[in-house]
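Residue numbering restarts at 1 for every chain, and letters A, B, ... go by the order of the sequence lines.
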Amino acid sequence: MDVSHLLDELNDAQREAVTGDAGHLLVLAGAGSGKTRVLVHRIAWLIQVHHVSPMGLLAVTFTNKAAGEMRARVGELLGIRPEGLWIGTFHGICHRMLRMHADEVGLPDTFQILDSDDQYRLIRRVIRDMELDEGQFPARAMQGLINHHKDEGRRPENIEHLDNPHAAQQVAIYRYYQDYCERSGLVDFAELLLRTVELLRDNPARRRHYQERFGHTLIDEFQDTNRLQYALVRLLSGEQGRMFVVGDDDQSIYGWRGARVENVSDFVRDFDPQVVRLEQNYRSTATILEAANRVIDHNDDRMGKNLWTEGEAGEPIRLFAAWSAEEEADYIIARIQDWIGQGGSPSEAAILYRSNAQSRLFEQVLLREGIDYRVYGGQRFFERAEIKDAMAYLRLLHNRNDDPAFERVINVPARGIGERTVERVREQARSRKISLFAAASELIAAQGLPARAGKAIESFIEKINMLDEQTANASLGDTMSAVVRAAQLGEWYRGREAPDRAETREENLEELVRAAESFEQPAEDEQAGLAPLASFLAQAALEAGEHQGQSWQDCVQLMTLHSAKGLEFPLVFMAGLEEGLFPHQKSVEEPGRLSEERRLCYVGMTRAMQRLYISFAESRYLHGQRILSRPSRFVDELPAHLIEQVRPRQPAAATQTGLGARPDSSADHGLRLGGTVGHQRFGIGTVVSLEGQGDNARVQVNFEQAGSKWLVLAYASLERLD
DNA sequence: AGGTCCGCTATTTTT
DNA sequence: TAGCGGACCT
């Protein structure tokens, strides 16, 4: 069989990775170096050249998007959809295994996945049940703590330090929450992984089964794995399995949520892999790459990598120093208009920022200028309140013991069941160790509720039971439709919200019915004996859907630097490069976090294909207050010779608005902004900023070689060269 | 039971 | 500035 098409379009390093034959492989894949291509070709290579059965391959990614893309491209390359090939997210794959072995891990067949919001509400419920002070044990923090323990593989019984009463209480919350989940057949995201790890760890037969099956394990974005994910991969791969690990330590930006870059070096230690570096970049100009290389060079403890390109130097990076965030936004939108005016497309432009709040100004200006835009990171479809409400009804049909679902809709729409009544039901559930639904039924039967409340609860229970009977043989679409109709959520929202808002909710509910109608159950779910309804519920939790609808439109892209990872745009703006904002204050304060901010900067820069603008503002509103900032240290780390100062900082007089001290152009040192100066040690540079007077006068110079420096004039002995 | 007002807080996000 | 949650009022 001719397999040249698998290698023809690859460079040497990519080829080395794809064909690697010596045990395990670590591919250090720089930004834009063709990482996905290598993964996809590797899979095809194993199947077509080494005749590995698709059944023997496991490919793991982080996001559904990445998994979907990989699956599509493998299918395309092989010309067929390889049957039996497991490509999926960590959570998707674990979910699948747990469904297959639910009985062995002590889960009911009807177990439900708890999304973050459900989990949060349940933890809050638990803390109240335990009658603890929510100030001392905030649900948000407890959620983080519990998830962190799980990500580290810890059960309540594995946690020590119980000498501290507060810590002991936290563990008690974890235990209570976990017991609750067990009783109700609920599994949170971290639990999906932890259960699977425990299954493989404690059940030798299962472990052997999978280890024998998966001769090859491929893992994407390895720098983002946490301890549990690494443990999972090791268990699945076993002694015999070959690991093909792709990652980039320089793009590790999720340490704050448990990702361990150290897994990359641990992998080298544990598996002694062949290491291949993909350093040739097919995305950005040489100028952008060199600047990015130089910035990331300020980090220690790197595996080491230098991006290069055969392409041209391209344009310099433009650095814009704005007085205010408003001016920054005006400037950026004006440059986008230039781009469009020159025939560029709006969707080729991306504005990247550190925190979501920054999008507002850009949105205002884009709106004013009539340019379409799309903000990433809004609420996702299955996270919308009305959708979650409808889904809660559906969940109750599927599993009456789903307490979070019961709590969510027991009084939505309002049917006169208040906190007191619900608390009576909870008490009953606690003392009888049964679900809320069962407790409510018992109370009705025992007439243990006030007449009014009792009637209301009874009608709710009847509604659920009746819906269940009516839809027993109905399709998923018809069931959903019946649920939405019976629940009367549209009416409920219409009665209490602004018309346009309620209308959107009703449209979403219609959309939900359509989604259920067109839902195609994955073949493997069907084989596992799963009802379509169960599949649908699981998928809603695991893939919450698109962030925002208008993705098809040709519009300017607004997103955080984090969401930009993995994407590329011809025209990129990185805005708000100010100390305190980027790097964020919190990251500056905590040791070790700064290098992650720098990696974020590196990620941002390497999104740009042709043209990169970097900007900062001296003043902006933050939490309703105007604050003054210095440029980010990352700006100083940009090599001066690659930068074009679009507007060197002007003497203040003209734009002075009375905010703080401005550089004084009338000082007698004879230097001027934009002027060229020479320095004994640093060489030649451009004056970028002047500050203070007399002995205190300081000057910021962008030196061609040494980069940007602040110098005190009294000591620096600069020479005027212009 | 349900609605309103006040005060507190405030990176980054996927599953 | 804005959203959320809790306290308070009807």
Just how far, in rounded Å, is [atom2] of [N] from [atom1] of [X]?
X: A/Glu419; N: C/dG6; atom1: CD; atom2: P; value: 11 Å
X: A/Lys65; N: B/dT14; atom1: NZ; atom2: P; value: 10 Å
X: A/Gln364; N: C/dT1; atom1: CD; atom2: P; value: 12 Å
X: A/Ile410; N: B/dG2; atom1: CD1; atom2: C1'; value: 16 Å
X: A/Glu134; N: B/dT9; atom1: CD; atom2: P; value: 15 Å
X: A/Leu561; N: B/dT14; atom1: CG; atom2: P; value: 14 Å
X: A/Glu363; N: C/dA2; atom1: CD; atom2: P; value: 12 Å
X: A/Tyr376; N: B/dT12; atom1: OH; atom2: C1'; value: 17 Å

Exactly one candidate in A/Arg630, A/Arg354, A/Arg620 meets side-chain hydrogen bond (donor to acceptor under 3.5 Å, both in side chains) with A/Glu578; the answer is A/Arg620
Using a 4.0 Å heavy-atom cut-off across all strands, classify [X] as base, sugar-phosphate, or nothing.
X: A/Glu543; result: nothing
X: A/Asp115; result: nothing
X: A/Glu596; result: nothing
X: A/Asp224; result: nothing
X: A/Arg452; result: nothing
X: A/Ala414; result: sugar-phosphate
X: A/Asp188; result: nothing

From [options], pick the nucleotide closest to the side chain of [X]?
X: A/Ser355; options: C/dT1, B/dT11, B/dT15; answer: B/dT11
X: A/Tyr120; options: C/dA2, B/dA10, C/dG5; answer: C/dG5
X: A/Glu383; options: B/dG2, B/dT15, B/dT13; answer: B/dT15
X: A/Trp256; options: B/dT13, B/dT15, B/dA10; answer: B/dT13
X: A/Asn356; options: C/dG5, C/dA2, B/dT12; answer: B/dT12
X: A/Arg128; options: B/dT13, B/dT15, C/dG6; answer: C/dG6
X: A/Ser116; options: B/dT15, B/dT13, C/dG5; answer: B/dT15
X: A/His91; options: B/dT13, C/dG5, B/dT15; answer: B/dT15
X: A/Arg354; options: B/dG2, B/dT12, C/dG5; answer: B/dT12
X: A/His562; options: B/dG2, C/dT1, B/dT12; answer: B/dT12

Evaluate the side-chain proximity of A/Phe214 to A/Trp86: yes if any heavy-atom separation is below 4.5 Å, no if none is.
-> yes
Are any non-hydrogen side-chain atoms of A/Arg155 and A/Leu194 less than 4.5 angstrom apart?
->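 In contact.
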Determine, using ring centers only, whether A/Phe634 and A/His298 are less than 6.0 Å apart.
-> no
What about A/Tyr210 and A/His101, are their ring centers closer than 6.0 Å?
->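 Ring centroids of A/Tyr210 and A/His101 are less than 6.0 Å from each other.
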Tell me, yes or no, whether the heavy-atom count around A/Arg368 atom CZ, taken from other residues, nucleotides or ligands under 6.0 Å, exceeds 12.
-> yes
Between [N] and [X], is there an OP1 or OP2 to side-chain N/O distance shorter than 4.0 Å?
X: A/Thr560; N: B/dT13; answer: yes
X: A/Ser587; N: B/dT11; answer: no
X: A/Asn147; N: B/dT15; answer: no

Does A/Phe90 or A/Gly418 map to a spot on DNA chain B nearer the 5' end, using the closest nucleotide for each?
->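 Mapping each residue to its closest nucleotide by heavy atoms, the 5'-most match is A/Gly418.
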A/Asn64 vs A/Ala357, nearer the 5' end of DNA chain B by closest nucleotide =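 Here A/Ala357 is the residue nearer the 5' end.
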Are any of the side-chain nitrogens in A/Arg124 or A/Glu134 under 4.0 Å away from the carboxylate oxygens of its partner?
->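 Answer for the salt bridge query: no.
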Report yes if the ring of A/Tyr254 lies under 5.5 Å from the six-membered base ring of B/dT13 with planes under 30°, and no otherwise.
-> no
Base B/dT14 to side chain A/Arg380, donor-acceptor N/O within 3.5 Å cut-off = no
